[in-house]
Amino acid sequence: MKSDLLENLNPEQKQAAMHYEGPLLIVAGAGSGKTRVITHRIAYLIAHYHVPPYNILAVTFTNKAASEMKERVRNLVGPLVEYISVSTFHSFCAKLLGIEGENIGLKKGFTIYDSNDSEHLARRVLTELNLDSKRFPEKMMLAAVSEAKNSLISPEEYPASSFSEEKIKQFYTTYQNKLVESNAVDFDDLIFKTVMLFRKNPDILQKYQTRYQFIMVDEYQDTNHAQYILVALLAASHKNICVVGDDDQSIYSWRNADIRNILEFEKDFPNAVVVKLEQNYRSTGSILQAANTIITNNLNRKAKKLWTANSEGEKPLLYEAATERDESQFIVNEINRLTKKGFQLKDMAILYRMNSQSRIIEEVFLANSLPHIIYGGIRFYERAEIKDILAYLRLLANPYDSVCLNRVINVPKRGIGKATMEKIELAHLNNKGSYLDTLLKASSIPNLGSKLKPLSEFAKLWYSLTALIDNGNITKLVETIFEKTGYMESLAREGTDEALSRIDNLKEFLSVTKNYENRAGAEASLEGFLSEIALITDIDRYSDTNDAVSLMTIHSAKGLEFPVVFITGLEEGLFPISRSLYDENQLEEERRLCYVAITRAQKLCYMTYAQTRFLWGQTSFNSVSRFVEELPEQIDSYSPVKKVTPSPVTSTPQKHNSWENCQLKSGDKVLHATFGQGIVIEVKGENHSEVVVAFHKAGLKKLLLEYAKLEKL
DNA sequence: ACACTGTGAGTTTTT
DNA sequence: CTCACAGTGT
């Protein structure tokens, strides 16, 4: 049955898939079938070398990549896939620390802080240390801490040879102490602490070395030093390590990814076998040629040249828009045209450099009723109400967590503010137990006055909820929290549109818990649920069954492919982004980002830019991106200035001049008595008597100017 | 304690 | 522009 397993692989792919023991480096260009090779290698190890699935570990960076890999392995090996460990770096470490964490002082149920929680904590540390947050912004301090952790430098080891280093060291030390007190870890700690665990406990390390006989790492170019050491430790005894990566697609150096990990793999593992995959199966010849032309402008890279046997196809098309709205409208028009030629909406993606660019695109999409999904941006799990309910759950799992306690103790309002909270913190200092212990003994906290009553009630509520933790029924637990805390009720009483949408989000959260329970079955636990949620991103919440255009940043598009790709905002200062313009290394990373963007496209690739763009509160006039200029021969360009814009809606100035009777034009902000603020999308009808307005709260409305009292803002 | 207002500052990418 | 925070008045 498995004899034809490798039948459809090319010779290099086959060589990599058949590799048995010892280190293996697969340099896999974009679209060269690397996932295919990894999945086939896993299947081959099992079928041909009879490696027990239990001994195989595959690590990726994103949950999406992990679940996709799992599915594709399942297609090859069937139900055996459940015994293979396929997971992200972070979730692998989270699980491992859940089991072994007590060896390095982590109590059961520890919380994983996201960047938002970390910032809260950082702010408290800054005030406590009396550090001027202007000279030492928390973002900067956290970045320094992150860099230290990713380099495996502990607070004690952190240098103090300059004034600012001294301050960072101080911050790092206090920040870390507070994490420990809260029984919490941040993202970087997951990797850092796992490495520490292994270093301090050789017996535990050995256990996992024995368990994971064959290790595979995807997107190796994005690993940082800590991740590299983690993998190296696990592979130290058997050296059965296979890494897959492409230095041209390294776009995470700002997260301390160390490109040297891939460039120097052969030094680190001297007898490594190296396989290069250079045949691209994804894109047309023209698209690939454009990508190749761009990337050769980078000096710091391994020489390679992707080729394809695919047909030439059409050259990428460059569109010069007047404004960012025009850019979006062009895209909408093209999408409408392409759907008539047989493309589906889910075949198309719009990529941009930064999330804020999605706003205008979404507006125009809404105005044209074009179905779309925005990845990233306002994240589900970052919405206040979701964070509130999660904070309740996290507090139940970990009653030491001060950040979560601060978040929920006055939500909904219980009349407990800063002053009371300080009294609690003070009492807690002399208490060896958890915050729950402290609050249950609230009557012994001095000077509480009238606040004792609400506090005791809160403690009682908290205590009664703990009884529900262990039955694994998280949905029930969440429903009880909604009810007993009065959270839902207080939102319902508010009755505003915003409150109603919050209620909807909370209801959707119940489908998240149900989904988890279905998947986890008898294994379901509050800790398991929380650690899964902490590491999940929005990308994992969407299914691709809906026919809709995808909108996302280029970073989150890595690893994905689409028949049609629109790359937007190709302007100097935006892409490449202004901060990178004077740093050759950063500029090369921007160029790699551009390379990643182009190579997402299978059939058609569009590149767009706007002559003027409203950016950061003002209109800017940027020239076309240098990346476009690096492609003189490889693209066709299309400038609407010479032709009539084919859009039914436009905001080009020429057209406005002819609207003599009309004070409103598309793009204007207006205020409506009942619908609130909105933006004019379209003016139409005889004498321009009708307007279509996208209201921020009420959505799209068609209005007659004669009746609707619109105030121009 | 809290709701409101105005000011001021910083604007990338994400597990 | 948008968010966070300080200061104000209730």
Side-chain angles (χ1 to χ4, degrees), chain A residues 59-66 87-94 112-116 118-120 123 126-127 133-134 137-140 142-143 146 149-150 185-192 219 222-224 226-227 250-257 351-360 375-379 381-382 384 409-410 412-422 449-451 454 531-540 552-559 569 573-581 586 589-590 592-594 596-597 613-620 669:
Chain A
V59 198
T60 65
F61 273 83
T62 63
N63 294 294
K64 190 176 172 74
S87 90
T88 66
F89 269 104
H90 293 268
S91 64
F92 173 77
C93 292
I112 301 170
Y113 279 1
D114 67 12
S115 23
N116 216 308
S118 297
E119 274 168 41
H120 272 275
R123 244 168 267 149
L126 286 177
T127 37
S133 65
K134 292 205 173 63
E138 69 250 23
K139 288 233 166 82
M140 193 187 89
L142 284 171
S146 178
K149 288 182 179 177
N150 288 329
V185 299
D186 63 17
F187 282 140
D188 301 315
D189 274 340
L190 288 169
I191 319 286
F192 182 87
E219 308 280 14
D222 290 332
T223 49
N224 58 41
Q227 287 162 331
S250 160
I251 53 175
Y252 284 103
S253 69
W254 50 275
R255 228 169 64 190
N256 304 308
L351 308 184
Y352 33 80
R353 184 61 195 27
M354 51 190 196
N355 278 309
S356 57
Q357 286 171 261
S358 69
R359 254 189 87 157
I360 181 73
Y375 295 87
I378 343 106
R379 286 148 208 236
Y381 294 106
E382 279 172 17
I409 196 161
N410 203 29
K413 301 257 179 305
R414 299 186 179 93
I416 296 162
K418 217 173 120 195
T420 313
M421 207 49 223
E422 270 165 22
S450 63
K451 305 298 175 195
S531 76
E532 193 178 294
I533 290 292
L535 300 172
I536 218 162
T537 58
D538 262 21
I539 281 206
D540 313 299
M552 66 183 87
T553 63
I554 301 168
H555 280 88
S556 40
K558 192 162 79 145
L574 180 60
F575 190 21
I577 203 149
S578 50
R579 304 166 74 122
S580 68
L581 292 179
Q586 288 187 43
E589 178 142 322
E590 294 287 305
R592 290 194 291 271
L593 201 53
C594 188
V596 168
R613 177 179 299 271
F614 198 69
L615 198 62
W616 296 321
Q618 56 183 337
T619 305
S620 48
K669 287 196 163 176

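Below, chain A is the first sequence line, B the second, and so on; all start at residue 1.
In this structure, CD of A:Glu138 is placed 10 Å from P of B:dT11, rounded to the nearest angstrom. In this structure, A:Arg353 atom CZ and B:dT13 atom P are separated by 7 Å, rounded to whole Å. Atom CD1 in A:Ile577 sits roughly 11 Å away from atom P in B:dT14 (whole-Å rounding). When the P atom of B:dT15 is taken as reference, atom CG of A:Leu535 falls 10 Å away, rounded to whole Å. As a whole-Å value, the separation of A:Phe614 CZ from B:dT11 P is 18 Å. B:dT13 atom C1' lies 9 Å from atom CD of A:Glu589, rounded to whole Å. For the pair A:Lys139 NZ and B:dT12 C1', the computed distance is 11 Å after rounding to whole Å. A:Glu590 has its CD atom 12 Å from the P atom of B:dT12, to the nearest Å.
Looking at heavy-atom distances under 4.0 Å, A:Arg123 makes contact with sugar-phosphate atoms alone, never a base. Within the 4.0 angstrom heavy-atom criterion, only backbone atoms of the sugar-phosphate kind lie near A:Ala419; the bases stay farther away. Contact annotation for A:Lys558: no contact, since no heavy-atom pair falls under 4.0 Å across all strands.
When only modelled atom types and interatomic distance are considered, A:Asp188 and A:Ser146 share a side-chain donor-acceptor pair under 3.5 Å. No side-chain donor-acceptor contact under 3.5 Å links A:Asn256 and A:Asn224. No hydrogens or angles considered: a donor-acceptor pair under 3.5 Å links the side chains of A:Ser556 and A:Thr553.
Comparing A:Phe61 and A:Ile416, the nucleotide of DNA chain B nearest to each residue sits closer to the 5' end for A:Ile416. Where A:Arg579 and A:His90 each meet DNA chain B at their nearest nucleotide, the meeting point lying more 5' is that of A:Arg579.
With centroids closer than 5.5 Å and planes inclined by less than 30 degrees as the test, A:Trp254 and the base of B:dT13 pass as a stacked pair.
A close approach under 4.0 Å does occur between a side-chain nitrogen or oxygen of A:Ser556 and OP1 or OP2 of B:dT14. Applying the 4.0 Å criterion to OP1 and OP2 of B:dT14, one finds that A:Thr553 has a side-chain N or O inside that range. Between A:Thr420 and B:dA1 there is a side-chain polar atom (N or O) within less than 4.0 angstrom of OP1 or OP2. Of the side-chain N and O atoms in A:Arg255, none sit less than 4.0 angstrom from OP1 or OP2 of B:dT12. Close to B:dT13, at under 4.0 Å from its OP1 or OP2, lies a side-chain N or O of A:Asn355. Side-chain nitrogen and oxygen atoms of A:Asn410 include at least one within less than 4.0 Å of the OP1 or OP2 phosphate oxygen of B:dC2.
Salt bridge annotation for A:Asp222-A:Arg255: absent, with no cationic side-chain nitrogen under 4.0 angstrom from a carboxylate oxygen.
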Would you please test A:His120 and A:Tyr113 for ring pair (Phe, Tyr, Trp, His ring centres under 6.0 Å) and show each step?
CA-CA 10 Å; A:His120 272 275; A:Tyr113 279 1; 9.6 Å; no

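Among the nucleotides B:dC2, C:dA4, B:dT12, the one closest to any side-chain atom of A:Lys413 is B:dC2.
Residues A:Ile112 and A:Phe187 meet the side-chain proximity criterion, which asks for heavy atoms closer than 4.5 Å.
Nucleotides B:dT13 and C:dA4 place their P atoms 15 Å apart, quoted to the nearest Å.
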